[in-house]
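Structure record follows, encoded as structure tokens.
Heads up: numbering here begins at 1 and tracks the sequence.
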Amino acid sequence: VRRLFLTFAIATLVPVVALGWIVSTATRGSIEERSVELYGNTTSTLVRLAGSSLFRPEDLAAGRPLAEPQQAIVDGFLEALEIEPTTVRVLVTDPRGNVVYANWRGHPARVPVTDAIRAALLGETTSDLVTAGESLNGRGWRGTPVETAIPLALAGEASVDGVLVASGLDNEFVDQVHDDVRRLRLILAGGLGALWLLLLPILASVSKRLRREVQRNEHLAHHDALTSLPNRQLLEERLVEAVARADRDDGLVGLLLLDLDRFKEVNDTLGHRAGDRLLVHVAQRLRESTRAADTVARLGGDEFAVVLADPEGEPEIRAVLERVLQALRRPLTIDGIELTVDASIGVAVYPVDATTGDGLLQHADVAMYAAKASDAPFAFYAAEHDPHSPSRLGLTADLRRALTEVDDEIVVHFQPVAGSDGRITTMEALVRWQHPARGLLAPDAFVPLAEQSGAIHLLTARVLDLAVAQARRWADASLDVGVAVNLSARDLRDDSLVDRVGSVLHHHGVDPSRLELEVTETAVLAAPDTALRLAEQLRATGVSMALDDFGTGYSSLTNLKRLCPDRIKIDRGFVAAMSDSATDLAIVRAVVDLAHRLEIGVTAEGVETQDQRDRLEALGCDQVQGYLLSRPLPAAEATAWLARWHARVEMAHRGE
Ligand SMILES: [Mg+2]
């Protein structure tokens with residue numbers, strides 16, 4: 001404000017001073033002119049009276065000084081009028097500048113014909129303030145004499161015979177003129193100064209108002225209009241500051257990135273205005289549950305961020321996290337409806353997880369998606385979450401190459417599934433990646449990568465092709481066994497899936513009944529409508545559907561009813577716990593009963609001991625799969641294993 005005010009003050013001062021100077025100069029000129037004219041008139045009246053009666057036309061026509069007796073008469077006359085050479089010098093000249101008379105000694109014989117003399121010869125009386133040097137009546141005077149040139153028309157007005165020049169050095173008069181000018185200047189300066197001072201408070205208030213407007217605009221540019229929280233831009237600035245401070249003090253910066261769960265539902269069911277109110281509440285709770293030094297920002301939509309300034313370490317970050325989560329979970333009422341807010345929070349810490357503010361934002365984002373994916377309320381950044389971490393980027397590129405350029409890196413291993421009679425019904429195809437540098441990779445190491453990078457369709461297609469081709473070879477070798485292939489959530493959103501499955505079966509000449517497709521509950525839930533429609537279409541072609549990892553997802557019974565699979569595969573967790581836990585045993589029993597009532601087959605996964613197999617058989621479980629039979633085997637070994645197993649079972653059956 002001060003600088004703006006000063007600029008204004010100086011900018012207005014310049015024209016005020018300029019105005020003062022112009023007015024004072026102009027007025028001074030006119031004051032002097034008028035005063036001199038007045039003074040000159042008075043003198044000239046006296047002198048003209050005298051001059052016209054004292055000089056004769058022939059005195060001037062001669063162009064010579066007056067004779068002594070006449071000169072004495074003129075001197076006496078002037079003295080009688082109290083016109084003394086010390087105060088008024090009088091000089092009479094003919095039209096050519098020859099001095100005829102002067103009332104002081106040592107006067108020149110000639111004077112130059114000046115403008116004033118020329119004007120007087122034309123009949124005009126002029127008065128002027130002249131400097132001592134310019135005076136026709138000689139040097140040696142101090143100050144500024146008033147010099148008046150008066151025409152002498154001795155034979156009447158018709159012709160001018162000579163000029164009388166009277167130079168008065170009336171200091172009192174000159175001082176008075178100067179006083180007048182000085183007074184005028186003072187009044188002008190005072191008036192304009194007062195005007196300018198009056199302008200100052202107006203300027204001050206205008207600059208203050210401007211400043212406020214600027215601040216308001218700045219606030220708008222850096223804050224979210226709905227919640228008044230800092231926006232992304234300001235957050236980024238604060239992050240940069242926090243990082244610089246952390247560098248200086250050897251400290252940390254924590255960044256929480258927060259996304260509300262199911263916010264879209266609130267908008268869809270209660271309307272956008274209710275959604276906005278919810279966001280305002282969330283903003284307030286975030287502010288309340290963080291420290292004053294922390295920055296809470298809204299990045300847009302239902303995404304918020306908190307910059308934790310200089311946390312002591314992970315325990316303090318976790319403490320803030322807990323407070324934030326608790327504050328968010330407190331129920332709140334909007335339009336009479338009680339809502340609870342859940343959020344997924346990603347946490348990244350400088351300098352542990354990133355070396356810049358931008359990097360911190362990216363990594364907190366990665367952590368947030370990891371939290372969402374794992375259904376945890378929060379997740380700290382970890383490089384393996386990150387599809388963009390260098391090792392993952394490299395692996396993604398490798399995977400694309402493995403799927404598009406070479407055909408021997410992606411392989412499937414097969415794990416047998418046995419029916420209650422001991423015969424192998426299905427071989428589940430489990431994908432492996434023979435990475436040229438990293439060796440054989442399990443699905444965990446690259447399937448999520450394929451899902452995130454969009455390569456999952458290629459991967460599923462490759463596995464499907466390998467599995468169905470193998471089914472064809474086993475059929476050709478009179479090994480009567482089907483194959484099972486796992487689908488990912490992405491596959492269940494792809495409308496071309498049904499055609500692709502159909503064409504693979506057709507290409508290898510394999511009957512659809514030999515193929516089982518396994519889907520998980522989570523995959524179905526990701527896009528229930530499409531997933532259920534596709535499952536129905538697949539079953540219509542004769543392919544059977546299995547619900548994999550049953551019991552680990554949500555709302556199992558609802559899915560069971562809607563998806564109506566041919567088979568469910570009880571998750572290995574229940575099977576493992578069944579021997580020690582009565583509850584798990586009861587769950588398995590109930591699942592088997594329920595499935596059978598719905599005419600759905602049941603497979604138990606992860607069967608490792610004979611005891612487990614016996615119990616499952618007692619419960620009526622149809623099929624078992626697990627290490628008790630065999631670990632997943634490469635195709636050639638699986639074929640050999642199948643042949644041996646087949647022979648053994650046949651022998652046993654014949655023996656009965
Ligand atoms: Mg499976």
Side-chain angles (χ1 to χ4, degrees), residues 227 229-230 232 234-263 279 281-299 302-332 340-392 444 448:
T227 60
L229 289 180
R232 181 181 285 273
L234 186 54
L235 174 91
E236 284 171 2
E237 286 172 19
R238 297 268 172 91
L239 254 183
V240 169
E241 288 166 18
V243 162
R245 212 168 28 242
D247 279 343
R248 203 182 53 222
D249 306 341
D250 234 355
L252 303 174
V253 180
L255 178 66
L256 315 186
L257 211 60
L258 183 148
D259 187 87
L260 303 185
D261 297 339
R262 296 182 308 278
F263 176 68
L279 291 174
H281 278 290
V282 167
Q284 197 180 345
R285 289 180 178 191
L286 283 175
R287 250 185 317 222
E288 285 165 5
S289 54
T290 49
R291 305 161 309 169
D294 301 335
T295 301
V296 178
R298 181 178 172 219
L299 304 184
D302 57 342
E303 208 174 58
F304 294 86
V306 182
V307 180
L308 299 177
D310 198 25
E312 290 281 316
E314 199 180 306
E316 193 176 350
I317 297 176
R318 282 185 188 274
V320 176
L321 271 172
E322 283 305 326
R323 279 208 305 278
V324 165
L325 286 168
Q326 256 172 29
L328 290 180
R329 281 173 188 154
R330 253 180 13 242
L332 63 93
T340 37
V341 179
D342 268 316
S344 306
I345 306 180
V347 189
V349 180
Y350 178 88
V352 185
D353 299 326
T355 52
T356 61
D358 273 354
L360 207 56
L361 262 172
Q362 277 169 22
H363 287 175
D365 197 55
V366 168
M368 187 179 82
Y369 280 97
K372 268 195 194 301
S374 65
D375 269 324
F378 62 84
F380 278 77
Y381 174 77
E384 63 260 28
H385 292 150
D386 195 344
H388 303 297
S389 80
S391 68
R392 301 248 306 184
D444 287 353

[atom1]/[X] to [atom2]/[Y] distance, rounded to the nearest 0.5 angstrom?
X: Asp310; Y: Asp294; atom1: CG; atom2: CG; result: 10.0 Å
X: Leu235; Y: Phe304; atom1: CG; atom2: CZ; result: 12.5 Å
X: Leu252; Y: Leu308; atom1: CG; atom2: CG; result: 10.5 Å
X: Leu360; Y: Asp365; atom1: CG; atom2: CG; result: 11.5 Å
X: Gln362; Y: Leu255; atom1: CD; atom2: CG; result: 11.5 Å
X: Thr340; Y: Arg262; atom1: OG1; atom2: CZ; result: 7.0 Å

Quick check: closest heavy atoms across [X] and [Y], and the distance to 0.1 Å?
X: Leu328; Y: Ala343; value: CD1-CB, 3.8 Å
X: Pro377; Y: Arg329; value: CB-NH2, 3.6 Å
X: Ala354; Y: Gly359; value: CB-C, 3.5 Å
X: Ile317; Y: Gly254; value: CD1-CA, 4.4 Å
X: Arg238; Y: Pro230; value: NH1-CG, 4.3 Å
X: Pro351; Y: Gly251; value: CD-O, 4.0 Å

Flag, side chain of [X] to backbone of [Y], donor-acceptor distance under 3.5 Å:
X: Arg285; Y: Arg330; result: yes
X: His363; Y: Asp353; result: yes
X: Arg287; Y: Leu229; result: no

### CA sep, side-chain torsions, deciding dist, call: Tyr350, Asp247, side chain to side chain donor-acceptor pair (under 3.5 Å)
CA-CA 9 Å; Tyr350 178 88; Asp247 279 343; 2.6 Å; yes
### Query
Run the side-chain contact (heavy atoms from CB on, under 4.5 Å) check on Leu286 and Leu258 step by step: do they pass?
CA-CA 10 Å; Leu286 283 175; Leu258 183 148; 3.8 Å; yes
### Task
Let me know which of Arg298, Lys372, Arg232 forms a salt bridge (charged side-chain N to carboxylate O under 4.0 Å, His left out) with Glu303.
Arg232
#### Entry: Trace of the side-chain contact (heavy atoms from CB on, under 4.5 Å) decision for Leu279 with Asp302
CA-CA 7 Å; Leu279 291 174; Asp302 57 342; 4.2 Å; yes
### Task
Please lay out, stage by stage, how Leu257 and Leu299 fare under the test side-chain contact (heavy atoms from CB on, under 4.5 Å).
CA-CA 9 Å; Leu257 211 60; Leu299 304 184; 3.5 Å; yes
### Message
Within the 4.5 Å heavy-atom criterion, are Thr356 and Val243 side-chain neighbours or not?
### Response
no
#### Entry: Glu322 vs Phe378, side-chain contact (heavy atoms from CB on, under 4.5 Å): CA-CA, chis, key distance, verdict
CA-CA 10 Å; Glu322 283 305 326; Phe378 62 84; 4.1 Å; yes
### Heavy atoms from other residues, nucleotides or ligands near CG of Asp249 exceed 12 (cutoff 6.0 Å)
yes
